[in-house]
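Structure first, then comments.
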Amino acid sequence: VKASKRKTPVPRSRSARDGSPVRSFTLAEAARAVSGRVAGPAGLRLTGLESLERAGPKDLSWIADSGRAEQAAASRAGAFFVSDASAAGGRPSIVVANPTVAVAIWLAHLHPPHRPAPGISRGAHVDPGARLGTGVSVAAGATIESGARVGAGTVVGAGAYVGRNAEIGENCRLFPLAAVLEGCRIGARCVLHSGAIVGSDGFGYVWDGTAHRKIPQLGIVRVEEDVEIGANAAIDRATFGETVIGRGTKIDNLVQVGHNVVVGEHALLCGQAGIGGSSRIGRGAVLAGQAGISDHAEVGDRATVTGQGGVVRGGIVPPGTVVSGMPTAPHREFLRRAAWVARLPELARRLDALEKNARSSEER
Amino acid sequence: VKASKRKTPVPRSRSARDGSPVRSFTLAEAARAVSGRVAGPAGLRLTGLESLERAGPKDLSWIADSGRAEQAAASRAGAFFVSDASAAGGRPSIVVANPTVAVAIWLAHLHPPHRPAPGISRGAHVDPGARLGTGVSVAAGATIESGARVGAGTVVGAGAYVGRNAEIGENCRLFPLAAVLEGCRIGARCVLHSGAIVGSDGFGYVWDGTAHRKIPQLGIVRVEEDVEIGANAAIDRATFGETVIGRGTKIDNLVQVGHNVVVGEHALLCGQAGIGGSSRIGRGAVLAGQAGISDHAEVGDRATVTGQGGVVRGGIVPPGTVVSGMPTAPHREFLRRAAWVARLPELARRLDALEKNARSSEER
Amino acid sequence: VKASKRKTPVPRSRSARDGSPVRSFTLAEAARAVSGRVAGPAGLRLTGLESLERAGPKDLSWIADSGRAEQAAASRAGAFFVSDASAAGGRPSIVVANPTVAVAIWLAHLHPPHRPAPGISRGAHVDPGARLGTGVSVAAGATIESGARVGAGTVVGAGAYVGRNAEIGENCRLFPLAAVLEGCRIGARCVLHSGAIVGSDGFGYVWDGTAHRKIPQLGIVRVEEDVEIGANAAIDRATFGETVIGRGTKIDNLVQVGHNVVVGEHALLCGQAGIGGSSRIGRGAVLAGQAGISDHAEVGDRATVTGQGGVVRGGIVPPGTVVSGMPTAPHREFLRRAAWVARLPELARRLDALEKNARSSEER
């Protein structure tokens, strides 16, 4: 369920994304980048990062945990990220707290994302009343409206949109066709993937006897720093005040966040999850794929709603728990119930037998 | 479930969206705007609209229903929208049929949405063969193709798209990056939020022995007046004829409407709901979040499918009913079944006990 | 469930999409287009294609299968597509292997989609380092980045995006606001509907003790030929290597495909279906609307997951099977269980009666 628990797939020494080859590096250089300690020849020269199974003598690899001892011994890798020097069996290694984290850091070091040149492209539409920090890059077809502020180093991709009085922090990335609408605020180092919409109107109406009359949506969305928002996700502005996405939270593709929702820090909202109006999602909570949280509900800190789980209106998921099903139940209970439901034909047969037995004993 | 039943959140005297302060107003002025009757000093000057709990002496507030009598008595508000003059306990008030409706009207009056200046922006792409009504505003990066007609007063946002021969009514709003594709028709006063796509091809193929062969999608989408379509929603064109969205219907973010669907008037399709091809959704029906209606199904007038409910292919939801679950059952029945499933371990234990008892009586 | 099994709705002799009238044609001309055999007067002149019920003497119609014999006899159609000459009862007809396929072919022949003129529109943003084949059309507001290659005859719609080093095959169509991001590859004759995003980052993070650290997503998406991707769908790039969409696969609106997923050839992914990271979807498999496939799961060749079905992490759906529910079970088993759950109150009553009976016999 947890995205962060996904197995890291097999790397290649060459980025498929941009076709760039990986330059060679020394063990010492890699250790420095990941704040690790070299165990072995610091000057050892390597050229790629590969899984234990695929690595050759010129590749760095990693031993994620002690359960990988056998594969590690069999691996042809030239060196390893390890959490314990002994894990590498005396072969060259870099000792770090968490080898998988080291892989993430080292990959980011080897393959920095392409960064377009700073400046406003011909074909970009930047209102004279917008304020852009130093080093901002605005691509063709992008629009930045009056009163908007874009922090230093931020990249605004082709066709992306920054509305009136919106504020984008430093070193953000708006991928092509992402949009931040009027008055919304995005913290530093956020990433908005293509088609992500921040600040659409909340779904608020009141029946006036003949029609659904719109309740003006006057609030904003405030996205704190280090948040990532997936492709074609939609985050609604608050009716009043703020819809909030907490610091470090990661939102996957096609996720819906309703008006006045508050998502805590470091939450994970997986693909196609949806959150109704005014609900609260706790710090470190996880909504797995297609999970649905109704209006005015609460998912506690570090709680998990598993895939397709449905929390009803006003429902509460206690902190730290894992819940499943619609309506949700504790995950183990959900599994037990599913198992019992599968046994219903058998239970019914036993009931038939007992009834038959009872009838025949009465006849006796 | 019903979006229109959501509690109205706490307002502020200042719009977060555009930062504009609220100008002061008299009781008489507010009463006139909402077609209400003043009970008290018509010249009383106020500056904001706040909930009972937050309002101060300069704020207008509202008493939504008689259940709010206690909070109303305790409120420091300067005046109230009420449905019954006595509810305000003799304090200044404006008597209206529905105080929540009055709030919606008065907020729209206080905070009209920002309207860009009429005209075609530099950087907009308007085909000479398109016809634009008076006062139309077309933002940079927007495209309007040949043969398209855009009604007077309509706003076409940045990067939005109006296809060949499409027709947009008067006083519509296409938010940035919304799209109305070839030949589709949008009625007056409709709102399309960012990323909403009207007129994508229906999902129709026929297996020809070696491949899924596309059935050309030759129809259109016809959206009647006063419809709102949420961010990143997708409404498919009909194979032939029309996919129809009825007058006054409100569609939330990320909703999917398949080809040849007909949605009645004043329906509510909540976030991430989906409707398969050729289904009919009745007048005033509600699809709650993530509800799924399969192909060729029918949801009756004023019926509700609750969150994540699934109506199977060809299924029928009778008018006025509330259904839940997958496959759907009447909501109460769904709750009863869920309660029984939760009791399955207990039922199984009782069955065990009866069997044991039966065995021992046979042995006797 | 199968999109390809949807009834073909009623056609019109005029395309609603572009308002173009249908020119007249002879029986021979239609037979030639669909590789059929004329049975009757080859020179018979017709003007439209209509269903059996709606067709008049100037219309061609079709008899989908032998179950339609009665309607066929009653139809006023001037001629028919048939699979067996006798089906038309001696009236003029065109004999083909599959009449519905003939309808699809003939409609495509009668109503070719509008094709904008080749060339780069004023207002398009094409990097000098991009390579465009002959006859490519690029609309206003579209962007094609450096190193991108676009095959001959491909149409890039308004506001669409082709990223650095991306490759688009021949005769593709990118509808307005579709995006193919850096390095991704699209095969020949693919269609990307508006808002479809190919190549957004996979959702991969590792918890580093204080934050979710991003695992760089260095791979690409490879879409093979003849694939169609629906409006506002999102296909993530692989962490390393490739996310693959197999040849001839059709993807509906708002579908999510996670990183490193491999979808086989000729699969159908219906509206709002979602696939977690590293899962495999077999050749010819069908995911019905809102079906969810968790991470590292496997759906076998020609298997079907019905609407809202949920395959758990690592789950396996055997080839050729039909599964339903969350967690999934064989479809018949799912229906049986649902029926038993509906009977739970009755089972409980019978259990009560047996217990009462047991108590009273003990008292005796």
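- In plain terms, the two heavy atoms of C:Gly230 and C:Ala196 that are nearest each other are O-CB, 3.4 Å.
- Counting heavy-atom pairs under 4.5 Å between each of C:Ala160, C:Gly199, C:Pro216 and chain A puts C:Pro216 at the top.
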* Might you work through the salt bridge (Lys or Arg N to Asp or Glu O under 4.0 Å) test for C:Glu298 and C:Arg280, ending with a clear yes or no? => CA-CA 5 Å; C:Glu298 204 174 316; C:Arg280 316 231 138 206; over 6 Å; no

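- A donor atom on one side chain and an acceptor atom on the other are found under 3.5 Å apart for C:His259 and C:Gln217.
- The backbone N or O of A:Asp65 lies less than 3.5 Å from no partner atom in the side chain of A:Ser83, so there is not a single donor-acceptor pair.
- Interface residue A:Ala342: backbone and side-chain heavy atoms are both found under 4.5 Å from chain C.
- Minimum heavy-atom separation, A:Ala140 to A:Arg122: CB-O, 3.7 Å.
- Among the candidates C:Glu333, C:Gln272, C:Arg336, C:Arg343, the residue making the largest number of heavy-atom pairs closer than 4.5 Å to chain A is C:Gln272.
- For C:Ser278 (side chain) and C:Val261 (main-chain N/O), no donor-acceptor pair under 3.5 Å exists by modelled atom type.
- The aromatic rings of C:His212 and C:Tyr205 lie perpendicular to each other, with more than 60° between the two planes, well past the 30° mark.
- The choice from A:Ile105, A:Asn98, A:Leu347 that makes the most heavy-atom pairs within less than 4.5 Å of chain C is A:Ile105.
- Residue contact with chain C, scored on non-hydrogen atoms closer than 4.5 Å, is absent for A:Pro116.
- Interface remark: of the candidates A:Pro345, A:Ala348, A:Ala97, A:Pro345 forms the most heavy-atom pairs closer than 4.5 Å to chain C.
- For a residue to count as touching a neighbouring chain, one of its non-hydrogen atoms must lie under 4.5 Å from one of that chain's; by this rule A:Glu355 touches chain C with backbone and side chain alike.
- Residue with the most contacts toward chain C among A:Ser194, A:Pro113, A:Ala338, A:Gly289: A:Ser194 (heavy-atom pairs, distance under 4.5 Å).
- Just one residue in the list C:Ile186, C:Val198, C:Ile235 forms a side chain to side chain contact (heavy atoms under 4.5 Å, CB included) with C:Ile245, and that residue is C:Ile235.
- Heavy atoms closer than 4.5 Å to chain C are found in the side chain of A:Ala358, but not in its backbone.
- The backbone N or O of C:Gly195 lies less than 3.5 Å from a partner atom in the side chain of A:Asn232, making a donor-acceptor pair.
- With a 4.5 Å cut-off on side-chain heavy atoms, A:Leu49 and A:Phe81 count as touching.
- At a threshold of 4.5 Å between non-hydrogen side-chain atoms, the residues C:Val312 and A:Thr306 do not count as touching.
- Of the atoms belonging to A:Leu354, heavy atoms from both backbone and side chain fall under 4.5 Å from chain C.
- The contact between A:His266 and chain C is made by backbone and side chain atoms together, counting heavy-atom distances below 4.5 Å.
- Considering only heavy-atom pairs separated by less than 4.5 Å from chain A, the leading option among C:Gly147, C:Gly209, C:Gly310 is C:Gly310.
- Neither the backbone nor the side chain of C:Ala238 comes within contact range of chain A; no heavy atoms are under 4.5 Å apart.
- Residue with the most contacts toward chain A among C:Glu145, C:Met326, C:Arg164, C:Lys214: C:Arg164 (heavy-atom pairs, distance under 4.5 Å).
- Chain C forms more heavy-atom pairs under 4.5 Å with one residue of A:Thr249, A:Val191, A:Ile251 than with any other, namely A:Ile251.
- The shortest heavy-atom contact between A:Ala288 and A:Gly307 is CB-N, 3.3 Å.
- Of all the listed residues (C:Ala234, C:Ser146, C:Ala142), the one sharing the greatest number of non-hydrogen pairs under 4.5 Å with chain A is C:Ala234.
- The one candidate from A:Lys250, A:Arg247, A:Arg189 that meets the salt bridge (Lys or Arg N to Asp or Glu O under 4.0 Å) condition with A:Asp226 is A:Arg189.
- A:Leu177 touches chain C through its side chain: at least one heavy atom from C-beta onward sits under 4.5 Å away, while N, CA, C and O do not.
- With a threshold of 4.5 angstrom between heavy atoms, C:Ile275 does not approach chain A through any atom at all.
- For the set C:Gly325, C:Ala273, C:Gly141, the entry with the most heavy-atom pairs within less than 4.5 Å of chain A is C:Ala273.
- For C:Ala158, no part lies near chain A; criterion is any non-hydrogen pair under 4.5 Å.
- Of the two parts of C:Leu344, only the side chain, counted from C-beta on, holds a non-hydrogen atom closer than 4.5 Å to a non-hydrogen atom of chain A.
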